[in-house]
Amino acid sequence: MQFDLSRDILDGIVMQHPQVKNGQEAQIRAGGQLQFLPSSADGLMHTAIVSFGLFVGEGDQPFARGGWRFMFTSAEKATPAEHQNHPFMGQLLVVGSGKIMVQINNLMMHAGLPMIPFDPTQMGIRNANTPPGVPAGAVPVQPKQG
């Protein structure tokens with residue numbers, strides 16, 4: 001199956017000052033997911049939204065989150081949800097997360113907060129084989145190997 005990117009746009013973004021409790025280590029976690037909107041009637045035009053958030057410590061509410069929308073086409077009639085493991089979908093998730101992080105770091109800089117280092121090559125995609133307690137589709141920042 002061949003997919004081609006047509007257009008991408010910022011869907012929305014919000015940031016709050018991170019709330020760190022006294023004495024708590026300020027470890028930042030990242031998580032994201034890829035969601036699909038209904039395809040066109042002919043099944044050739046599709047929309048995906050990457051949702052991405054940053055969390056402090058063990059908190060479950062992100063202090064920064066955003067969405068990036070991708071419009072893409074398929075060579076033949078398709079349902080994107082049936083092709084979730086296609087490399088193109090993984091690339092959408094990584095590229096969308098990267099674009100959101102650029103915008104979040106821009107907001108961080110203007111708010112006088114430290115920017116968050118971001119290297120897309122260190123991102124990994126978790127799926128159904130992910131250990132319990134971690135949402136499927138989460139995009140953790142992992143140490144580089146080698």
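Throughout, residue positions are numbered sequentially from 1 according to the sequence presented. All values below were derived from every heavy atom in this structure, side-chain atoms included, with hydrogens, water molecules and symmetry-related copies excluded. Being a predicted model, the structure only gives us computed values, none of them experimental.
- Proximity of Leu10 to Trp68: side-chain heavy atoms (C-beta onward) are separated by under 4.5 Å at one or more points.
- The shortest side-chain heavy-atom distance between Met89 and Pro80 falls under the 4.5 Å cut-off.
- Other residues sharing a hydrophobic cluster with Met109 under the 4.5 Å side-chain heavy-atom criterion for ILVMFWY residues are Met115.
- For residues 77-106, the pairs satisfying salt bridge (Lys or Arg N to Asp or Glu O under 4.0 Å) are Asp8-Lys99, with sequence neighbours left out.
- The minimum heavy-atom distance between Leu93 and Gly32, with the atom names listed, is CD1-C, 4.3 Å.
- Considering only residues two or more places apart in sequence or on other chains, His83 meets the ring-ring contact (aromatic ring centres under 6.0 Å, His included) condition with Phe3.
- Here Thr73 pairs with nothing under the side-chain hydrogen bond (donor to acceptor under 3.5 Å, both in side chains) rule; sequence neighbours left out.
- By the side chain to side chain contact (heavy atoms under 4.5 Å, CB included) test, Leu44 pairs with Asp42, Ser74, sequence neighbours left out.
- In this structure, Met108 CE and Phe63 CZ are separated by 4.5 Å, a value rounded to the nearest 0.5 Å.
- When the side-chain hydrogen bond (donor to acceptor under 3.5 Å, both in side chains) test is applied to Ser39, the partners found at least two apart in sequence or on another chain are His46.
- To the nearest 0.5 Å, the span separating CD1 on Ile13 from CE on Met101 amounts to 9.0 Å.
- Contacts of Phe55 classified as side chain to side chain contact (heavy atoms under 4.5 Å, CB included), with partners at least two apart in sequence or in another chain: Arg29, Pro62.
- Contact between Val56 and Pro18 at its shortest, heavy atoms only, is CG2-CB, 3.6 Å.
- With sequence neighbours left out, Asn105 forms a side-chain hydrogen bond (donor to acceptor under 3.5 Å, both in side chains) with no residue at all.
- Between Ala30 and Leu54, the closest heavy-atom pair is CB-CD2, 3.8 Å.
- For the side chain to side chain contact (heavy atoms under 4.5 Å, CB included) test, residues two or more places apart in sequence or in another chain that qualify with Ala48 are Leu34, Phe36, Phe72, Leu92.
- Atom CE of Met45 sits in a sparse spot, with 12 or fewer heavy atoms from other residues, nucleotides or ligands closer than 6.0 Å.
- By the salt bridge (charged side-chain N to carboxylate O under 4.0 Å, His left out) test, Arg69 pairs with Asp11, sequence neighbours left out.
- Take Gln2 and apply the side-chain hydrogen bond (donor to acceptor under 3.5 Å, both in side chains) test, not counting sequence neighbours, and it matches Asp4.
- Considering only residues two or more places apart in sequence or on other chains, Ala111 meets the side chain to side chain contact (heavy atoms under 4.5 Å, CB included) condition with Met15, His17, Leu113.
- The backbone N or O of Ala81 sits less than 3.5 Å from a side-chain atom of Gln84, completing a donor-acceptor pair.
- The CD1 atom of Ile49 lies 11.0 Å from the CZ atom of Phe70; values are rounded to the nearest 0.5 Å.
- The distance from atom CD1 of Ile116 to atom CD1 of Ile104, rounded to the nearest 0.5 Å, is 7.0 Å.
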